Protein chains: 2
Amino acid sequence: MATPLPRDPIADARLNWERHGWSDVAAPMAAITAIMRTQQILLARIEGVLKPFGLTFARYELLALLSFARSGALPMNKASALLQVHPTSVTNAVDRLQQAGLVLRSPHPTDGRTTLIELTPEGRTLAKRATAALNSEVFAQSGFGDQDVDQLIRILGTFRRNAGDFSD
Amino acid sequence: MATPLPRDPIADARLNWERHGWSDVAAPMAAITAIMRTQQILLARIEGVLKPFGLTFARYELLALLSFARSGALPMNKASALLQVHPTSVTNAVDRLQQAGLVLRSPHPTDGRTTLIELTPEGRTLAKRATAALNSEVFAQSGFGDQDVDQLIRILGTFRRNAGDFSD
DNA sequence: TCCAAACCCTTGGATGTCCTAGTATATTGC
DNA sequence: GCAATATACTAGGACATCCAAGGGTTTGGA
């Protein structure tokens, strides 16, 4: 990893905002920028752990989602909705997972428009192993204190609800 | 935007983790997943505001960084370090900004390896207008309460420092 | 009954990110 | 002074994401 910067670039950006007379939005700007950067750091860690399994985060998420479905199968559009990504992203992920023999497509029994994604035994095994790796190498060492984890879940949960993700 | 889901998919994932005996990492998993999703929502908002200016977030960040540099110019490697992205990403952004007449490349006066990125008058003007738009349409309506903004800055600041972003 | 509107998935194109490798320039050490 | 190493940028490739558009399937109202 690169050498740490001598100063926090986001704190500097906040100072710049204040110097230019945008003090009223300097703090939210800093918070949002920090979320962007944190996501980047976390994604890099996750992808690093998944790489040995031949998985990316997008593919892992789909695999994990399927492994929790009772039947081990889901319609594409359902997966798209639950993962909250564009349908084309699911198409892309399924293409690659299918080529790797981890999932397969099957026609929906009653709706001819719908395609079901189904986990293969290999896919189920790999999902299990990848999850174990993520649990021990990323989630168990998240770098957030227990209280901060609770705060994040609360703050971001409210935000996501207000953004229209769910109506719970 | 899509119809809200009836249930929070991240809360459901957390329950799945607990059901599978991974209770010890279920909360950090939920927090990290929430950060991923929140970043996605915020990025979409930001890109929506920047689109009328012909800018993406990556290009805007570079433009904004240059506009705060005293001389209006920075070496590529400095920009890469401050934005905390790969050098090739900066090359990509500069290519497009240069094509749009917003920045230009000039040789470093003493180091032949280094290329300076310089803001054009058009670039400076556009940066100012785009920042005003982001301030009023995104940062001023972030969806986070004032106290939550402070919490986020604190929690994520600690995380980024521990991750090696800066040594402040 | 039947056709238009809605829905589902895929293709093609644009963008951004990273990695690896390659070229050019500086710096360091002998 | 010159060779070895380090640094700076760029080119090419792999992935993921989104949008726009197209083709097939269902549904619902006239």
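Just so we're clear, the structure is a prediction, and the values are computed from it rather than from any experiment. Side chains included, hydrogens not; waters and symmetry mates left out as well; all remaining heavy atoms used. Below, chains carry the letters A, B, ... as their sequence lines are ordered, and counting in each starts from 1.
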Side chain to side chain contact (heavy atoms under 4.5 Å, CB included) with A:Thr88: which residues, sequence neighbours excluded?
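A:Thr88 satisfies side chain to side chain contact (heavy atoms under 4.5 Å, CB included) with A:His86 once adjacent residues are dropped.
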Under the rule for side chain to side chain contact (heavy atoms under 4.5 Å, CB included), what residues qualify as partners of B:Glu18, not counting sequence neighbours?
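Applying side chain to side chain contact (heavy atoms under 4.5 Å, CB included) to B:Glu18 gives B:Arg14, B:Leu15, B:Ser23, B:Ala26.
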Give every residue pair that meets the side-chain hydrogen bond (donor to acceptor under 3.5 Å, both in side chains) criterion with at least one member in residues 26-55 of chain B, sequence neighbours excluded.
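For residues 26-55 of chain B, and leaving out neighbouring residues, the side-chain hydrogen bond (donor to acceptor under 3.5 Å, both in side chains) pairs sorted by first residue read A:Asp165-B:Arg37, B:Arg37-B:Gln40.
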Give every residue pair that meets the side-chain hydrogen bond (donor to acceptor under 3.5 Å, both in side chains) criterion with at least one member in residues 143-159 of chain A, sequence neighbours excluded.
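Of all non-adjacent pairs touching residues 143-159 of chain A, those that pass side-chain hydrogen bond (donor to acceptor under 3.5 Å, both in side chains) are A:Asp148-B:Arg154, A:Gln151-A:Arg154, A:Arg154-B:Asp148.
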When we call it a touch if two heavy atoms are under 4.0 Å apart, what does A:Ser80 touch: a base, just sugar-phosphate, or nothing?
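No contact at all - A:Ser80 keeps every heavy atom at 4.0 Å or more from the nucleic acid.
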Partners of B:Phe159 by ring pair (Phe, Tyr, Trp, His ring centres under 6.0 Å), sequence neighbours excluded?
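For B:Phe159, the residues satisfying ring pair (Phe, Tyr, Trp, His ring centres under 6.0 Å) (neighbours in sequence not counted) are A:Phe144.
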Excluding sequence neighbours, so at least two apart, what forms side-chain hydrogen bond (donor to acceptor under 3.5 Å, both in side chains) with B:Arg7?
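For B:Arg7 the side-chain hydrogen bond (donor to acceptor under 3.5 Å, both in side chains) partners, ignoring immediate neighbours, are B:Asp12.
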Just to verify, what does B:Arg19 make a side-chain hydrogen bond (donor to acceptor under 3.5 Å, both in side chains) with, not counting sequence neighbours?
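B:Arg19 satisfies side-chain hydrogen bond (donor to acceptor under 3.5 Å, both in side chains) with B:Asn16 only.
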Run the side-chain donor-acceptor check on residues 55-62 of chain A: report pairs under 3.5 Å with partners two or more places apart or on a different chain.
{"residue": "A:Thr56", "atom": "OG1", "partner": "A:Arg59", "partner atom": "N", "Å": "3.3"}
{"residue": "A:Tyr60", "atom": "OH", "partner": "A:Thr131", "partner atom": "OG1", "Å": "2.8"}

d(CG, A:Asp111; P, D:dG28) in whole Å:
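One finds 12 Å between P of D:dG28 and CG of A:Asp111, rounded.
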Over the length of the helix from C:dT1-D:dA30 to C:dC30-D:dG1, how much do the five-pair end axes diverge, rounded to 10 degrees?
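The angle, to the nearest 10 degrees, is 10°.
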Determine all donor-acceptor pairs shorter than 3.5 Å in which one atom belongs to a side chain in residues 67-78 of chain A; sequence neighbours excluded.
{"residue": "A:Ser67", "atom": "OG", "partner": "A:Ala64", "partner atom": "O", "Å": "2.7"}
{"residue": "A:Ser71", "atom": "OG", "partner": "A:Ala73", "partner atom": "N", "Å": "3.4"}
{"residue": "A:Ser71", "atom": "OG", "partner": "A:Ala73", "partner atom": "O", "Å": "3.3"}

What string of B, S and - do you get for nucleotides 9-17 of chain D, 5' to 3', when a contact is any protein heavy atom under 4.0 Å?
SBB---SSB
Straight-line distance of B:Leu50 CG to B:Leu134 CG, nearest 0.5 Å
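CG of B:Leu134 is found 4.5 Å from CG of B:Leu50.
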Could you list where the contact with chain B starts and ends along DNA chain C, reading 5' to 3', using a 4.0 Å heavy-atom cut-off?
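That gives a stretch of C:dT15 to C:dA26.
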